[in-house]
2 protein chains.
Amino acid sequence: MTAIRSETIAERFTRSAEATDSPVSPNADFAAWFAARSAAHSYTVERVPLTELPGWGFEPGTGDLRHTSGRFFGFTGVRVRTGRGDWEQPIIDQPEIGILGLVTRDFAGIPHFLVQAKMEPGNTNLVQLSTTVQATRGNYLRAHQGLPTPHLEHFLPPRPGRALVDRIQAEHSQWFLGTHNRNMVVETGQDVPIGPDHRWLTLGQLWGLLGHDNLLNSETRTVLSCVPVAPPAADTGDPYRDALRRSLAGPGLDDDLLSWFNDGKGALEPVARPCGLAEVGGWRLSDGRIGHESGRHFEIVGVRVEAPTREVTRWSQPLIEPVTPGLYGLLVQRFDGVLRVLTHARADAGSSRFTEFGPTVQCCDTGDRPVPFRAEVAAEPGPGIVRHDSLQSEKGGRFLNAVNRYRVVELPADRPVPVPDGYRWLSLRQALDLMAQPDQVNIQARTLLTALLSTW
Amino acid sequence: MTAIRSETIAERFTRSAEATDSPVSPNADFAAWFAARSAAHSYTVERVPLTELPGWGFEPGTGDLRHTSGRFFGFTGVRVRTGRGDWEQPIIDQPEIGILGLVTRDFAGIPHFLVQAKMEPGNTNLVQLSTTVQATRGNYLRAHQGLPTPHLEHFLPPRPGRALVDRIQAEHSQWFLGTHNRNMVVETGQDVPIGPDHRWLTLGQLWGLLGHDNLLNSETRTVLSCVPVAPPAADTGDPYRDALRRSLAGPGLDDDLLSWFNDGKGALEPVARPCGLAEVGGWRLSDGRIGHESGRHFEIVGVRVEAPTREVTRWSQPLIEPVTPGLYGLLVQRFDGVLRVLTHARADAGSSRFTEFGPTVQCCDTGDRPVPFRAEVAAEPGPGIVRHDSLQSEKGGRFLNAVNRYRVVELPADRPVPVPDGYRWLSLRQALDLMAQPDQVNIQARTLLTALLSTW
């Protein structure tokens, strides 16, 4: 009985994925609406030395950067030991499960998702499309003492509608120490009063918008990655789309695949231990910022924000600012008429599950270190067909100007691909099965798998 | 294709579950063999004050109890904050993934599993039935400098046989800080030379032995809980067995259930932070043992072991000794002809995933605190039918005399059961689906679910 119902949810969302336009939010109006909402928000983001950041200070002893109230998030240090090398780094300390939620409702028989134009201080363009609700535990317990978060009642028990999706997934494990979010989609059958910043869009529209630079924020991207869809019933005659369909149909997850992944965990055996921010070797505070002595990786910087249209209108906070843009790439290839995707088992400082499946390429500042498959993903023209190419911002509430290139590249079917240790081809079904479990697939790979799905 | 293969594995193990005797290891010989093996091992376990434990010492500053080599495990402290209360406690610090593995091979067309009579210093009766291999990372990297672990080659890559089961699960989360094991079943088609301590048994035989006190060690129990079986094809006419069969057939896991579980995580929002052992409030070292000032919970004690038949023949180590025996109980009930099991979402100090599904009752030393459903599980005679009742030892390599009562009790179908916050009825299928994911079901519930399965 439940199996049938689950299938119905996936099929229902599939109808939404196939709807590339909407009667309630026509594509023709979108650009004007989004431009108007972006212009309607006034805000200023000004850099402030960490040493002068109002409300924030370095804790005696540990040197951790924390809010004087003891709330919100902070920065601490972490020491990582792995089978492939050791390192130390600062990391965001926010041990909680936040809520990232989309309300869904049918219009003209098609499921729509409620998104909002939302400003975050770290976004390059400040305003992006966010989920219906994006709430840290502090938000929903009102630690900020701001206005109540609109629509939050749909996500907290006793919620009026049914949760169709409710998956806990990790934040960016390179920079967050075990922070998680519930990725939720909750249905409603009733009218939802919405303001000018909110908009109902179909899954097909959202997939389309994922192809635009810096438009869907990382919260929207991760929730979208948890929305199940069913493979189309039949081939279309387009070899690429049919290979994608077959990949979505199977093969599914099995213990053989888990065994390979677990072998990798055994070989890497990462151990991450928190330490005081002051104890992290190679990192130092100078000019009011914390950076690595090599000038690489990222900096922790302070900003003062004024945003009259936010729940809290004025605040100061630290943000992570990467030194260089990153490249996140997924290589795919047709094999016997079925598309396969090349994943990489990664150990990052904040992974609570030891290792996660990442994309083929995930690199920021590589220095002189060779990165496997970087050329195949980045070269222009490269060896393959570019199936997706966009710039996306990471979580603007914690990252400043963290804009990364996301690419899905299909290699020619006849090109031999030597697969190094730690890399593995998966079907799309296997990747989505893994995403149905907590903490198996990292947030970068989740975005890229959604980008791949969106090309069907 | 893979779906069919997975089903075949479950069906194959189902044939083994239905085989309650074996041509190669007849039940008639078992008791004599086990008695002989128990007698063949000579060993002494002698208590030693922690302050005089050879090779172990308290680390300056933190006060952590560690081996002077820096290897093996240690004891540190942890501070836990939850929505239902805060506490501090000592905890085993062993951040690694060990291997618990069974080799499986067909005899007369029936899959058998290779177990061994193994001594552990903390076991009440010292010798119990263990998995083919039980290896900490230290073991398999030879940190102990002892003899090589027999049969380990079946579990490390490149392994000769296929891994039919490979699931990472947490250790006892009340006492281990995020320690995990790979629960593996690896097939072999070849002769495996075995010594007198090893024995091939069917799943049906192992399920039968689970009903005996202190016979299957906790390592064997957790691997058995990961062995998939298929529901019998048809009703037998026995209402209890048929209700169990239907529960195993479904309904399966859905996001509704996950949403309830995630709501509980949101309400409890546990945060566990390591601290030095010396900083743990309420615990103190006296008479060479570490205990709680109330005299409750557990003690950390030292032992010196001589065991000429082990890989390492002589060593000293600390062990956790519970102050009182524990009670682990699972209530089940027939509802519309389908058996359902009552689970409890628990937050323990070492849970890496915030909360886990535990059994209905899991209590050790409760003091005056009322424990829901304790009476229903423990009363003699009680309101229900006792479907399983045994004493089982927890991991004898870390616990001393940790013998707990495991009970599965079926309540009458017409008995109303008010379900408190944090408790939920599941089908057996849902419970097993959750067990197929990492870290969702705790080790006590895994043993009880296997005990329930063994009654089919």
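Keep in mind that what you see is a predicted model, and the values were worked out from it rather than measured.
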May I ask you to check whether over 12 heavy atoms, not counting those of A:Arg81, lie within 6.0 Å of atom CZ?
-> no
Among A:Val186, A:Val165, A:Ile99, A:Val185, which has the most heavy-atom pairs under 4.5 Å with chain B?
-> A:Val165
Pick from B:Gly266, B:Gly98, B:Gly250: which one has the most heavy-atom pairs with chain A under 4.5 Å?
-> B:Gly266
A:Gln437 versus B:Ala436, closest heavy-atom pair with distance | NE2-O, 4.0 Å
Which atom names give the shortest non-hydrogen contact between A:Asp166 and B:Ser259, and what distance separates them?
-> OD2-OG, 2.5 Å
From A:Arg162 atom CZ to B:Asp254 atom CG, the distance as rounded to the nearest 0.5 Å = 8.5 Å
Looking only at heavy atoms, what is the nearest atom pair of A:Arg167 and B:Asn262, with distance?
-> N-ND2, 4.3 Å
Count the heavy-atom pairs under 4.5 Å between each of B:Ile97, B:Leu156, B:Leu258 and chain A, then report the option with the highest count.
-> B:Ile97
Applying salt bridge (Lys or Arg N to Asp or Glu O under 4.0 Å), which residue pairs with at least one partner in residues 421-436 of chain B are found, sequence neighbours left out?
-> B:Arg429-B:Asp433
Where does A:Ala272 contact chain B at under 4.5 Å (heavy atoms): side chain, backbone, both or neither?
-> neither
For B:Tyr423, the ring pair (Phe, Tyr, Trp, His ring centres under 6.0 Å) test, sequence neighbours excluded, returns B:His344, B:Phe373
Which heavy atom of B:Arg182 sits nearest a heavy atom of A:Asp263, and at what distance?
-> NH2-OD1, 2.9 Å
From B:Asp439 CG over to A:Asp439 CG, what is the distance, rounded to the nearest 0.5 angstrom?
-> 9.0 Å
